[in-house]
**Q** 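To start, I am sharing the structure in question, which I have written as structure tokens.
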Amino acid sequence: TDLLKKYLPNNLVKKSKFNFVYNNINLKEEIPFKKTDIIIYYRNYFTKSNKFYENILKKLEKETEIKFCYIGDKIENLDKNYLGRLTHAETLKLIEGAKFSIVSEENFSSLFTLECIENHLDLFASKKVSIPKKILETKKIHIIDYDDANNSINYIIEKIKSTSELEKFTNHSLSID
């Protein structure tokens with residue numbers, strides 16, 4: 001990825017290739033059947049936007065029209081649709097069955113995000129995170145502001161409710177030069 005690019009000397013940056021991980025994504029040929037609206041991967045870690053995730057999960061608990069689940073670390077008093085810390089195979093099965101997910105604020109290229117892309121999920125991503133231009137230009141990335149939680153959460157809920165059919169990522173949109 002290009003997360004460390006700003007710390008490297010210019011002469012090394014010019015000779016280096018970044019974001020090549022996207023060239024190795026194996027897109028599913030067809031969009032799998034989606035029975036869950038959104039899957040959220042929550043980690044209680046100091047670099048994560050914990051409050052944002054807690055707020056959206058609390059709001060989703062009140063939404064009767066949206067089917068969601070969350071995995072990873074458990075949030076106290078948020079039991080509805082918590083599935084636990086799962087194996088990789090179990091997580092992949094859940095990703096395959098979801099329409100949307102939220103990208104961690106600090107790293108668009110996480111393994112979880114890459115697996116969401118492989119399964120054609122639409123992604124909500126922070127305006128602060130670095131996203132390769134070709135991927136950002138798809139209709140599958142929706143920019144949110146973690147610092148404006150209320151508006152972002154309302155946008156996420158409205159987008160989920162108004163999206164009936166997903167588009168596919170294409171190999172072209174993932175070929176990073």
Side-chain angles (χ1 to χ4, degrees), residues 1 19 21-42 49 52-53 55-72 78 80-83 86-105 107-146 148-177:
T1 70
N19 292 323
V21 66
Y22 297 104
N23 294 329
N24 297 317
I25 290 178
N26 295 313
L27 292 172
K28 299 246 172 147
E29 288 189 31
E30 298 298 322
I31 296 177
F33 175 73
K34 307 290 186 177
K35 60 184 178 202
T36 304
D37 291 310
I38 186 166
I39 180 171
I40 296 174
Y41 176 52
Y42 174 77
S49 300
F52 179 83
Y53 284 97
N55 288 336
I56 190 163
L57 287 164
K58 284 178 186 174
K59 186 100 177 211
L60 287 172
E61 278 194 333
K62 297 174 185 165
E63 288 289 328
T64 57
E65 299 172 47
I66 296 178
K67 295 177 187 159
F68 77 97
C69 66
Y70 84 98
I71 60 174
L78 283 173
K80 185 177 179 183
N81 300 324
Y82 174 65
L83 301 179
L86 307 176
T87 66
H88 185 239
E90 292 168 324
T91 300
L92 282 176
K93 197 78 173 154
L94 289 172
I95 290 171
E96 185 177 283
K99 296 177 187 173
F100 292 89
S101 192
I102 302 174
V103 174
S104 72
E105 188 175 30
N107 182 11
F108 187 81
S109 302
S110 72
L111 292 176
F112 181 81
T113 301
L114 297 174
E115 290 167 343
C116 287
I117 290 172
E118 287 183 337
N119 286 281
H120 303 284
L121 276 68
D122 276 25
L123 299 170
F124 296 101
S126 169
K127 66 180 189 176
K128 295 178 185 175
V129 74
S130 175
I131 304 171
K133 186 178 180 195
K134 279 187 178 180
I135 295 175
L136 187 58
E137 290 171 349
T138 69
K139 294 179 181 175
K140 300 193 63 60
I141 308 301
H142 311 284
I143 302 302
I144 58 174
D145 183 355
Y146 279 63
D148 187 359
N150 278 342
N151 281 336
S152 292
I153 291 168
N154 290 335
Y155 173 74
I156 289 168
I157 289 170
E158 185 55 40
K159 192 69 172 168
I160 291 170
K161 288 180 178 180
S162 67
T163 302
S164 58
E165 202 170 303
L166 295 179
E167 294 186 24
K168 291 169 79 173
F169 278 103
T170 64
N171 287 320
H172 172 73
S173 66
L174 300 177
S175 62
I176 308 301
D177 301 325

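Side chains are part of it too, since the values below use all heavy atoms of this structure and drop only hydrogens, waters and symmetry mates.
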**Q** Where is the tightest heavy-atom contact between Thr138 and Ile135, given as atom of each residue plus distance?
**A**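 For Thr138 versus Ile135, the nearest heavy atoms are OG1-O, 2.8 Å.
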**Q** Do Leu123 and Lys140 have side-chain heavy atoms sitting under 4.5 Å apart?
**A**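 No. Closest side-chain heavy atoms not under 4.5 Å.
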**Q** Show your working on side chain to side chain contact (heavy atoms under 4.5 Å, CB included) between Tyr146 and Phe124 and close with a plain yes or no.
**A** CA-CA 10 Å; Tyr146 279 63; Phe124 296 101; over 6 Å; no
**Q** Could you tell me which non-hydrogen atom of Val103 sits nearest to which non-hydrogen atom of Asn107, and how far apart they are?
**A**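 Residues Val103 and Asn107, closest heavy atoms: CG1-O, 3.9 Å.
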**Q** Roughly how far, to the nearest 0.5 Å, is CG of Asn150 from CD1 of Ile153?
**A**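 With rounding to 0.5 Å, CD1 (Ile153) is 6.0 Å from CG (Asn150).
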**Q** Can you name the closest pair of heavy atoms from Phe108 and Pro132 and give their distance?
**A**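 Where Phe108 meets Pro132 most closely, the heavy atoms are CD2-CD, 4.2 Å.
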**Q** Could you walk me through whether Lys58 and Lys80 satisfy the side chain to side chain contact (heavy atoms under 4.5 Å, CB included) test, starting with their C-alpha distance in whole Å, then the side-chain angles of each, then the deciding distance to 0.1 Å, before giving a yes or no?
**A** CA-CA 9 Å; Lys58 284 178 186 174; Lys80 185 177 179 183; over 6 Å; no
**Q** Please list, chain by chain and in numerical order, all residues satisfying salt bridge (Lys or Arg N to Asp or Glu O under 4.0 Å) with Glu96, sequence neighbours excluded.
**A**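 If we apply the salt bridge (Lys or Arg N to Asp or Glu O under 4.0 Å) test to Glu96, skipping adjacent residues, the hits are Lys28.
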**Q** Anything under 30° is parallel, anything over 60° is perpendicular, the rest tilted; go ahead and classify Tyr42 against Tyr70.
**A**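 Plane angle over 60°, so perpendicular.
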**Q** Kindly compute the distance separating CD1 (Ile56) from CD1 (Ile40), expressed to the nearest 0.5 Å.
**A**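 It is 5.0 Å, given to the nearest 0.5 Å.
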**Q** Between Phe68 and Glu63, is there a side-chain heavy-atom distance shorter than 4.5 Å?
**A**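 The answer is no, as the side chains (C-beta and beyond) never meet within the 4.5 Å cut-off.
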**Q** Once rounded to the nearest 0.5 Å, what's the spacing between atom CG of Leu111 and atom CD of Glu118?
**A**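 One gets 10.0 Å once the value is rounded to the nearest 0.5 Å.
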**Q** Taking atom CG of Asp148 and atom OH of Tyr155, what is their separation to the nearest 0.5 Å?
**A**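 One gets 13.5 Å once the value is rounded to the nearest 0.5 Å.
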**Q** With side chain to side chain contact (heavy atoms under 4.5 Å, CB included) as the criterion, how do Ile144 and Lys127 come out once you've worked through the C-alpha distance, each side chain's angles and the decisive distance to 0.1 Å?
**A** CA-CA 6 Å; Ile144 58 174; Lys127 66 180 189 176; over 6 Å; no
**Q** Checking Ser126 side chain against Lys128 main chain: does a donor-acceptor pair fall under 3.5 Å?
**A**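 Side chain of Ser126 to backbone of Lys128: a pair is present.
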**Q** Treating Tyr82 as the side-chain partner and Gly72 as the backbone partner, does any N or O pair qualify as donor plus acceptor under 3.5 Å?
**A**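 Such a contact is found between Tyr82 side chain and Gly72 backbone.
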**Q** Atom CD1 of Ile66 and atom OG1 of Thr36: how far apart are they, to the nearest 0.5 Å?
**A**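 One finds 12.0 Å between CD1 of Ile66 and OG1 of Thr36.
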**Q** I need the minimum non-hydrogen distance between Asn55 and Ala149, along with the two atoms involved.
**A**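 That would be ND2-CB, 4.3 Å.
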**Q** Does any pair with a residue in residues 32-41 pass salt bridge (charged side-chain N to carboxylate O under 4.0 Å, His left out), and if so which ones, sequence neighbours excluded?
**A**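 Output for this query lists Asp37-Lys99.
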**Q** Let me see the working for Ile160 and Asp122 under side chain to side chain contact (heavy atoms under 4.5 Å, CB included), right down to the final yes or no.
**A** CA-CA 10 Å; Ile160 291 170; Asp122 276 25; over 6 Å; no
**Q** Side-chain contact, heavy-atom cut-off 4.5 Å: Ser152 with Phe52?
**A**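 Answer yes - side chains close enough.
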**Q** Just verifying a value: how many Å separate Leu57 CG and Cys69 SG, rounded to the nearest 0.5 Å?
**A**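 Rounded to the nearest 0.5 Å, the CG-SG separation comes to 10.0 Å.
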**Q** Looking only at heavy atoms, what is the nearest atom pair of Phe112 and Ser101, with distance?
**A**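 Taking every non-hydrogen atom into account, CE2-OG, 3.1 Å.
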**Q** Would you confirm whether Thr91, through its side chain, and Thr87, through its main-chain N or O, come within 3.5 Å as a donor-acceptor pair?
**A**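 Present.
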**Q** Between Ile131 and Ala125, what is the shortest heavy-atom contact and its length?
**A**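 Looking at all heavy atoms of both residues, the closest pair is CD1-CB, 3.7 Å.
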**Q** With side-chain contact (heavy atoms from CB on, under 4.5 Å) as the test, pick out the partner of Ile39 among Leu121, Asn81, Leu83.
**A**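 When Leu121, Asn81, Leu83 are each tested with Ile39, the side-chain contact (heavy atoms from CB on, under 4.5 Å) holds only for Leu121.
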**Q** For Asn154 and Asn151, test the side chains for any donor-to-acceptor distance below 3.5 angstrom and give the result as yes or no.
**A**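 Side chains of Asn154 and Asn151: no pair found under 3.5 Å.
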**Q** Just wondering, more than 12 heavy atoms not from Lys161 lying within 6.0 Å of its NZ?
**A**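 Counting neighbours around NZ of Lys161, more than 12 heavy atoms of other residues, nucleotides or ligands fall under 6.0 Å, so yes.
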